[in-house]
Protein chains: 4
Amino acid sequence: MRVDAARNRDRVLSAAREAVARGDTSLQLNELARRAGVGVGTVYRNFPTRQALLEALSEDRLLALLAEASAALAEADPSSGLRRLLRAVLDVLLADEAFAEVLAIRQEARSAAAGLKTRFDRAAEDLITRAREAGALRADVDAEDLRLMVCGVVHAARNNGGDTDSAAERYLAVLMAGLRPDPRSAVPRCGTRSLPPE
Amino acid sequence: MRVDAARNRDRVLSAAREAVARGDTSLQLNELARRAGVGVGTVYRNFPTRQALLEALSEDRLLALLAEASAALAEADPSSGLRRLLRAVLDVLLADEAFAEVLAIRQEARSAAAGLKTRFDRAAEDLITRAREAGALRADVDAEDLRLMVCGVVHAARNNGGDTDSAAERYLAVLMAGLRPDPRSAVPRCGTRSLPPE
Amino acid sequence: MRVDAARNRDRVLSAAREAVARGDTSLQLNELARRAGVGVGTVYRNFPTRQALLEALSEDRLLALLAEASAALAEADPSSGLRRLLRAVLDVLLADEAFAEVLAIRQEARSAAAGLKTRFDRAAEDLITRAREAGALRADVDAEDLRLMVCGVVHAARNNGGDTDSAAERYLAVLMAGLRPDPRSAVPRCGTRSLPPE
Amino acid sequence: MRVDAARNRDRVLSAAREAVARGDTSLQLNELARRAGVGVGTVYRNFPTRQALLEALSEDRLLALLAEASAALAEADPSSGLRRLLRAVLDVLLADEAFAEVLAIRQEARSAAAGLKTRFDRAAEDLITRAREAGALRADVDAEDLRLMVCGVVHAARNNGGDTDSAAERYLAVLMAGLRPDPRSAVPRCGTRSLPPE
DNA sequence: AATGAATGAGGGTTCATTCAT
DNA sequence: AATGAATGAACCCTCATTCAT
């Protein structure tokens with residue numbers, strides 16, 4: 001019966017993913033149960049709240065982002081590693097509207113997703129430190145800030161009248177540019193960073 | 001009875017403002033009527049939909065922002081004018097959570113608020129053009145982009161675990177920095193501000 | 001000011017007639033006021049209830065039917081006179097959906113329309129008596145019965161899936177045929193009535 | 001839980017029948033829920049619309065009428081079979097005011113009641129054909145016409161100031177008489193019933 | 001008189017959540 | 001465990017009628 005239970009859980013998750021892909025972010029547990037061909041009670045047993053469901057949906061995404069963070073850390077250029085990660089976050093958010101709720105909002109519960117998010121922030125913090133030390137990142141932002149600002153970018157892009165993706169592209173470019181340390185306030189060092197590499 | 005009607009309308013608006021100030025952005029017309037000490041019908045007469053109410057609430061804000069835009073245009077320095085306007089938008093958004101819905105979301109109806117928003121965008125466009133010509137603004141953003149990005153900043157700041165205002169401060173700084181034309185792609189000119197100091 | 005009042009009353013009546021002609025039988029006093037370009041209060045002053053309005057609308061119709069009754073009485077053939085009247089009632093009912101409410105429903109108020117309806121029934125009674133004496137009408141129907149049966153015919157015809165008018169035509173034919181005295185129960189007299197005149 | 005559900009459904013139906021018997025045809029789902037001692041949601045689950053409830057209420061009636069139609073078809077005399085069916089329809093309509101809405105009004109949905117109604121019409125059509133071939137029924141009416149005309153009879157009888165039942169009796173007699181083929185247009189045959197006795 | 005804003009009962013419908021089976 | 005019927009609070013909205021101006 002353990003197998004059955006797992007299959008039911010998966011059905012619900014599939015139905016939820018499908019709904020999100022369709023752009024329906026409401027994730028009403030009743031409706032979901034119907035679509036999943038499962039009783040409401042089953043949905044509730046597995047995901048007591050909409051938030052719990054959201055977080056379950058997010059685990060894959062968060063794991064993928066963690067992998068991205070590792071890959072980014074493996075890159076030689078700190079700046080490009082950071083850029084890579086931001087873009088990865090953006091892409092996931094664009095692909096999954098519901099994920100923003102998890103990525104942006106303060107978790108209360110001690111949940112798997114909350115743990116993953118923390119791990120992600122830690123990984124990002126490593127990238128951040130490295131980029132900052134390389135003079136490629138302003139000093140006043142931390143991992144949470146970056147995460148939220150990307151969410152902000154997506155939020156803005158989604159409200160754009162035209163193409164969401166291209167708007168997101170531009171807004172991310174602005175964000176990245178804005179993350180460079182202010183050249184005016186910088187203490188000049190050898191190999192001024194705001195100039196392109198020879 | 002014009003006087004009475006106006007008083008009732010104002011009561012509803014007051015109740016709505018109070019709710020928004022309390023952080024209740026739901027603006028349920030029934031509840032509002034109760035709070036305003038007014039029949040439901042009265043609310044519906046004045047504001048047929050939540051959207052209409054939102055827009056009515058926004059008119060003051062939009063007028064204030066229009067004034068700010070004028071003042072910003074009067075400033076000698078294009079860059080500082082633009083900065084001033086962005087900060088003004090941010091402040092209004094921070095003070096009025098509901099206003100973000102009007103500022104961010106595409107209006108459909110031919111409403112007073114929609115008109116004001118268009119006028120605001122036009123005023124911002126003037127600032128933008130001027131700033132761009134002065135080499136203080138990247139080429140790939142327009143008034144809508146700016147508006148939305150500030151909304152994004154507020155969105156991000158609100159989700160920040162710490163102090164919303166200080167987060168907003170930092171995110172706005174990042175945005176502004178990001179709006180400068182990319183120094184790497186810039187054609188160097190005499191006295192260009194965006195070059196690092198010698 | 002008497003003139004103004006009358007004009008207002010007429011405006012309301014016109015709006016009501018127009019609504020009925022459009023097939024909108026609800027006659028909501030609010031909506032009517034709006035269409036008539038008149039305050040709700042004015043409508044209420046003239047027509048305290050929907051019923052009152054209905055009756056006012058009916059007066060013309062009832063007068064026309066009274067005239068028809070006179071004309072029918074003037075016809076030489078009692079049977080054809082009766083037929084003529086039934087058809088006239090049917091035509092009015094088909095043209096004016098709201099009129100059925102007045103013609104079918106028991107009036108309580110001492111109203112002009114109630115009076116006219118009574119007068120109409122009296123006129124019809126004359127026709128009925130004459131037709132009955134001529135052996136052209138069964139004995140067990142009176143003026144109210146006839147009135148109601150024509151209403152029934154219209155009611156049935158309106159629910160017909162096809163063409164209302166042609167259904168009404170057929171149903172009226174059935175009604176008329178059914179009104180002839182039962183030949184089987186009749187006491188044979190010279191000049192059997194159920195045979196066509198030579 | 002099937003048992004429980006069925007019990008609740010029945011409670012609602014009972015409450016509805018009681019209301020109809022009381023003469024309250026409005027069948028407001030809220031009110032019904034209260035009377036049935038059941039949540040509103042339960043009513044909505046079982047009968048999403050007033051129409052659905054009406055149809056559910058009608059199924060018994062329609063089944064009974066179908067049985068009547070069979071019995072009528074079993075009668076030797078086509079004329080008396082038809083008479084029997086019309087009377088049965090009349091009796092049901094007199095006993096159940098709400099049923100008229102189902103019997104008279106064009107169904108849109110593919111519902112059980114619609115199906116039964118169609119079956120009833122078909123059964124009636126058999127009777128009609130037989131009666132027509134026996135020279136006992138005029139040619140220009142079909143099953144729908146009959147059904148609607150009986151509805152018309154009830155409609156008329158209900159508006160009668162006196163006793164509804166006796167009015168219905170008379171109106172049905174008129175209807176039945178009217179359904180005989182017109183003797184004047186008939187081709188005389190040996191032993192034709194519709195000729196007056198010598 | 002006329003106006004039309006105000007009223008608020010009334011009715012409709014949804015959906016998160018519980019719980020009997 | 002799973003089911004899915006039941007619940008009913010919570011919203012939404014309309015419209016007949018009143019009444020201050």
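The sequence lines fix the lettering, A, B, ..., with proteins before strands; numbering per chain opens at 1.
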Exercise. In residues 21-48 of chain A, what residues come within less than 4.0 Å of DNA chain E, judged by heavy atoms?
Worked result: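 A:Gln28, A:Leu29, A:Asn30, A:Val40, A:Tyr44, in order of number.
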
Shortest non-hydrogen separation from [X] to [Y] and the atoms involved:
X        : Y        : answer
A:Leu148 : A:Leu103 : CD2-O, 4.5 Å
D:Arg35  : D:Ala15  : CB-CB, 4.3 Å
C:Ala98  : C:Thr25  : N-OG1, 4.3 Å

Exercise. For E:dA1, does OP1 or OP2 lie under 4.0 Å from any side-chain N or O of C:Asn8?
Worked result: no

d([atom1], [X]; [atom2], [N]) in whole Å:
X       : N      : atom1 : atom2 : value
C:Arg11 : E:dA2  : CZ    : C1'   : 12 Å
D:Leu53 : E:dG12 : CG    : P     : 12 Å
C:Arg9  : E:dA1  : CZ    : P     : 14 Å

Exercise. With respect to C:Glu101, which candidate in C:Lys117, C:Arg61, C:Arg50, C:Arg106 satisfies the salt bridge (Lys or Arg N to Asp or Glu O under 4.0 Å) definition?
Worked result: C:Arg50

For this session: Runs of at least three consecutive Watson-Crick or G-U pairs, both distances under 3.5 Å, are what I'm after; which ones involve DNA chain E?
Result: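 Stems for DNA chain E, defined as runs of 3 or more consecutive pairs: E:2-21 with F:2-21.
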
For this session: Output, in order, the C-alpha distance, side-chain angles, deciding distance and verdict of salt bridge (charged side-chain N to carboxylate O under 4.0 Å, His left out) for A:Arg17 and A:Asp60.
Result: CA-CA 11 Å; A:Arg17 283 206 190 86; A:Asp60 285 357; 3.4 Å; yes

Problem set entry | Close side-chain approach of C:Tyr44 and C:Thr49, heavy atoms under 4.5 Å | no

Exercise. Does some side-chain heavy atom of B:Leu32 sit less than 4.5 Å from a side-chain heavy atom of B:Gln28?
Worked result: no

For this session: Starting from the C-alpha separation in whole Å, work towards a yes-or-no answer on side chain to side chain contact (heavy atoms under 4.5 Å, CB included) for D:Arg9 and D:Phe47.
Result: CA-CA 9 Å; D:Arg9 189 171 192 279; D:Phe47 311 105; 3.6 Å; yes

